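See below for the structure under consideration.
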2 protein chains.
Amino acid sequence: MSDKPASSSQRALHELREKIFAGELAAGSDHLESELAEQLNMSRTPVREAVLMLESQGLLEMRPRKGVRIRPLAPEDMAEIYDILTELESLAAERAAQADLDEDELKDLAKAIDDMDIAIAQSDLDAWANADDRFHAELVRLGRNERIMSIVHMMSDQVRRARMTTLFMRPLPTKSNEDHRRVYQAIKDGDAKTARETHRDHRREAKKIIVDLLQKHRLRFL
Amino acid sequence: MSDKPASSSQRALHELREKIFAGELAAGSDHLESELAEQLNMSRTPVREAVLMLESQGLLEMRPRKGVRIRPLAPEDMAEIYDILTELESLAAERAAQADLDEDELKDLAKAIDDMDIAIAQSDLDAWANADDRFHAELVRLGRNERIMSIVHMMSDQVRRARMTTLFMRPLPTKSNEDHRRVYQAIKDGDAKTARETHRDHRREAKKIIVDLLQKHRLRFL
DNA sequence: GTATCATTTAATGCATACGCAAATGAATGC
DNA sequence: GCATTCATTTGCGTATGCATTAAATGATAC
């Protein structure tokens, strides 16, 4: 249970991520390395290292002399990201279906789906979002491509803030879980084509919903 | 023509990349930060920064106390990467076809195809590889998704060494350019489906060829 | 009042130093 | 011999300080 010591740069990495997701470091805001270092109670060195890593993960930009800018997301960025997620997750679904997985290997996926039902029944959006994340992460894991896992993870991070914001702006995603179940069933049945196409359509829908929502609410950056 | 001053960490980034591609830093080899710093004639600080970036780009791993390891590529890694390239480039081809591009916007793509023909006529494999790179990069650019561009770039970097090695182990890719032309034509005609599927098949073929080659030659790591 | 240039300010990029922890090797006991 | 413990070395993580240079400020001329 006890946290490992963890190096300062690891801590910086995690804490900065958290602050970005929580909006504590607001989208579009600038921060000097020294400010961040002070906030985190460490020297600039580990902060710089963390910032470098976060930059290659697309969460912020280093702009010499202007500070570290937390990258805001425009609707076009959301579209880009959802397009990528659509392609890569669909491939993962296809591969998972081809892998002839037994029930035990699928249990985390099943659990995530059940948890979403429960969350919806209780109108618990946070729990729903959490289970949805797990569903997608597990799906990708079953696709057995490490690089796809890491790219999807990276893209998910980039949209995390925006998804959290929009989550409360739209009706309960009651229909969504039907798709999940269909994907699950196709994987279990070894029906690669259906798994792929069902998931692809599911993601396209998700893209449309969120992009439309941003446009409707004139959310140019978040 | 004169090189810009360029910061030490940028220089470290570029020079380390070059050394990795050139095999001067061999796949699987380990290197202390201090060695690299000495080689590059700078202190450990910018080297560490470059190494951190290269690590997130998947070219090497930092293993505390064991040195920086240049990541070797197993056939399974090649398969992973080609799967990703297949999906993302195909999407790019589809999007390019939908973009109703005029001849001028397609001229770099056309040039790359022509250059490949020339290179093949002269049996100049280096020139061919160069033009092939340009074709794929340009195709992705026309797909207008910045993130896909950067992911594809990253994946291409990861396979660069291995592709160079195998390039001289197989017959001239004479047929390959027919595919390129078909993709080009489909994009020009605005035929998104054909563009996508043609390119997808092209990439699947490429994957098969290279993975088979590695297996045949028992190249477990490179 | 505005534009240009000199001066100051301050954030960054990098070198350097140091403590710690892991790895290595030596010494000791069995 | 072999294992175990302790001493030594060495590489890394981080703090710190300084030089550089871009930006901000102020001064001067028009």
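Convention: sequence-line order gives letters A, B, ...; per-chain numbering from 1. The shown structure was predicted, so the numbers you read here are calculated from the model rather than taken from an experiment.
With distances taken from any side-chain atom of S43(B) to the nucleotides dA15(C), dT12(C), dC12(D), the minimum falls on dA15(C). Out of dA15(C), dG13(D), dG11(D), the shortest distance to the side chain of L32(B) is found at dG11(D). Counting only heavy atoms from C-beta on, R65(A) has its side chain closest to dT20(D) among dT20(D), dC14(C), dA17(C). Across dT12(C), dA15(C), dG13(D), the shortest atom-to-atom separation from the side chain of P64(A) is found for dT12(C). In this structure, of dA15(C), dT12(C), dC12(D), it is dT12(C) that holds the atom nearest to the side chain of R44(A).
Under the 30°/60° scheme for interplanar angles, the aromatic rings of H180(A) and H136(A) are found to stand perpendicular.
Remark: S9(B) is in phosphate contact with dC14(C), judged by side-chain N or O atoms under 4.0 Å from OP1 or OP2. OP1 or OP2 of dC14(C) lies within a sub-4.0 Å distance of a side-chain N or O belonging to S8(B).
Between L40(A) atom CG and dA15(D) atom C1' the separation is 15 Å, expressed in whole Å. Regarding E38(A), its CD atom lies at a distance of 15 Å from the P atom of dA10(C), rounded to whole Å. Put simply, CE on M42(B) is 17 Å from C1' on dA19(D), counting in whole angstrom units. As rounded to whole Å, 18 Å separates atom P of dA10(C) from atom CG of D30(A). As rounded to whole Å, 19 Å separates atom P of dT21(D) from atom NZ of K66(A). The distance between atom CD of E33(A) and atom C1' of dT14(D), rounded to the nearest whole Å, is 15 Å. When rounded to the nearest whole Å, the span between CD of E49(A) and P of dT16(D) equals 16 Å. Put simply, CD on Q10(B) is 8 Å from P on dC14(C), counting in whole angstrom units.
Under a cutoff of 6.0 Å and an axis angle of 45°, R160(B) and F21(B) form a cation-pi pair.
Side-chain atoms of H153(B) never come within 3.5 Å of backbone atoms of M149(B) as a donor-acceptor pair (strictly under, hydrogens ignored).
Interface remark: the T45(B) side chain does form a donor-acceptor pair with the dA15(C) base, using a distance-only criterion of under 3.5 Å.
Using a 4.0 Å cut-off between charged side-chain N and carboxylate O, R134(A) and D108(A) make no salt bridge.
Here the rule is salt bridge (Lys or Arg N to Asp or Glu O under 4.0 Å) with R147(B), and of E76(A), E87(A), E80(A) only E80(A) fits it.
Sequence order on DNA chain D of the closest nucleotides to R63(B) and P46(A) puts R63(B) first from the 5' end.
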